[in-house]
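Okay, structure first, notes after.
Letters A, B, ... are given to chains in the order of the sequence lines, protein chains preceding strands, and every chain is numbered from 1.
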Number of protein chains: 2
Amino acid sequence: MTAYDAAQISAAFEELVRLYRRLSPAGGLSATAAATLSSLDRRGPARLTELAVQEGVSQPAMTQLITRLQDAGLAKKAADPADGRVVLVHITDAGRAELSHRRAVRTTRLAALLERLPANDQEALTAALPAVAELSRKAGKASEPERSTA
Amino acid sequence: MTAYDAAQISAAFEELVRLYRRLSPAGGLSATAAATLSSLDRRGPARLTELAVQEGVSQPAMTQLITRLQDAGLAKKAADPADGRVVLVHITDAGRAELSHRRAVRTTRLAALLERLPANDQEALTAALPAVAELSRKAGKASEPERSTA
DNA sequence: TATTGTTATACTCTATAACTATA
DNA sequence: TATAGTTATAGAGTATAACAATA
């Protein structure tokens, strides 16, 4: 893995993010809102501070974002019985439905593009999936060091 | 390429976009500003309306974004000699330098993660680069961009 | 005292509507 | 009339600072 390879992969990221934005459905949720909701769906309930760090926004911004999600019925706040200062944020069924809808739209649009790729390109993308998962996992560990017993 | 494969690749996109956001330098430019500047760099001068459509924002929003970029010295507006109504937007040397800096930061951070991946994962990512380029090319040829949140 | 979260205030970025200038 | 862009106004989303409540 040379520095050149890293630069190439980084450039490919730029392309993919641009493509992702084009494939994503319009309306409703901001980028941070969608990412936060997705995190609540994948990882389960979380504290406000935790979510703020995760998404790279300030604590007040996350307070307000969660308030908006709650007003929209997509998330809800609950008290932590063990610590009165803590707010635990949960995704709601409506939140899951919204996420699911957005993913379905994106996937449908992406599938239409993938179909038009040569077979070897399709295979290369599929073959890279475990590497992406591992990369994401390592990045997650980097900025959220503890909390893992392993 | 099954529907399941498409869904998996779509999910991997979600992970990559999250990772990209975390790797990107915080200061200065908004996501749209960075994307617009990058487009001006890659594709050359463009009209305001063209840029607005490309980035999925309104025309007034693009007017203001370009004004901000111009105030920051990163882009400049020029008249189109062929049509008095048209404004052609150019990137400046300072704009290119800013882009270059942002890419360097992102690449450095990404390289640190890539180094810690097993060799076969590194190879799978490198092997997927041509497929990403092709995917991006096909998407570019497809219809107009959607408004992008999520 | 330290941690968790909220409130107050201001700034950036965006959209829609109404406008000006050119074709 | 149609097109390219700007100005006016309002709202969403964000940050920093100051605050309240709990540990």
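Here the CG-CZ distance, from A:Leu135 to B:Arg116, works out to 9.5 Å after rounding to the nearest 0.5 Å. Atom CG of A:Asn120 is separated from atom CG of A:Leu125 by 10.0 Å, given to the nearest 0.5 angstrom. Between the CG atom of A:Asp41 and the CG atom of A:Leu74 there is a distance of 12.0 Å, given to the nearest 0.5 Å.
OP1 or OP2 of D:dT14 has at least one side-chain nitrogen or oxygen of A:Thr32 nearer than 4.0 Å. Between A:Thr49 and C:dG5 there is a side-chain N or O to OP1 or OP2 distance below 4.0 Å. Phosphate contact (OP1/OP2 of D:dT16, side-chain N/O of A:Ser58, threshold under 4.0 Å): absent.
Atom-to-atom, CG of A:Leu88 to C1' of C:dT4 comes out at 12 Å; the value is rounded to the nearest Å. The nearest whole Å value for the distance from the CG atom in A:Asp80 to the P atom in D:dA21 is 19 Å. One can place CD of B:Glu50 at 9 Å from P of D:dG5, the figure rounded to the nearest angstrom. Regarding A:Arg47, its CZ atom lies at a distance of 13 Å from the P atom of C:dT6, rounded to whole Å. Note: CG (A:Leu51) to P (C:dG5) measures 9 Å, nearest angstrom. With rounding to whole Å, B:Leu29 atom CG is found 14 Å from C:dT12 atom P.
Note on B:Leu117 and A:Leu129: same hydrophobic cluster, where clusters join Ile, Leu, Val, Met, Phe, Trp and Tyr whose side-chain heavy atoms are under 4.5 Å apart, directly or indirectly.
Side chain of A:Gln70 to backbone of A:Lys77: a donor-acceptor contact under 3.5 angstrom is found. Side chain of B:Ser100 to main chain of B:Arg96: no donor-acceptor pair is present (N/O by atom type, distance under 3.5 Å, no hydrogens or angles).
Among all heavy-atom pairs drawn from A:Ala94 and A:Gly73, the shortest one is CB-O, 3.6 Å.
Residues forming a side chain to side chain donor-acceptor pair (under 3.5 Å) with A:Thr92 (at least two apart in sequence, or on another chain): none.
Within residues 60-77 of chain A, the residues that place at least one heavy atom under 4.0 Å from DNA chain D are, in residue-number order, A:Pro60, A:Ala61, A:Gln64, A:Arg68.
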Result block: side-chain N/O donor-acceptor pairs under 3.5 angstrom for residues 59-69 of chain A, not counting sequence neighbours:
unit_1, atom_1, unit_2, atom_2, d
A:Gln59, NE2, A:Thr49, OG1, 2.8
A:Thr63, OG1, A:Gln59, O, 3.2
A:Thr67, OG1, A:Thr63, O, 2.8

Can you list, pair by pair, the side-chain donor-acceptor contacts under 3.5 Å of residues 6-18 of chain A, counting residues two or more places apart and other chains?
unit_1, atom_1, unit_2, atom_2, d
A:Ser10, OG, B:Thr107, OG1, 3.1
A:Glu14, OE1, B:Arg103, NE, 3.0
A:Glu14, OE1, B:Arg106, NH2, 2.8
A:Glu14, OE2, B:Ser38, OG, 3.2
A:Glu14, OE2, B:Arg103, NH2, 3.3
A:Glu15, OE1, B:Ser136, OG, 2.6
A:Arg18, NH2, B:Ser38, OG, 3.2

Pairs under 3.5 Å (N/O, protein and nucleotides 19-23 of chain C):
unit_1, atom_1, unit_2, atom_2, d
C:dA23, OP1, B:Gly84, N, 2.8

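Note that the two end axes of the helix from C:dT1-D:dA23 to C:dA23-D:dT1 enclose an angle of 10°, each drawn from 5 base pairs, rounded to 10 degrees.
Counted by atom type alone, B:Gln54 and B:Ser39 present one or more donor-acceptor pairs between their side chains at under 3.5 Å.
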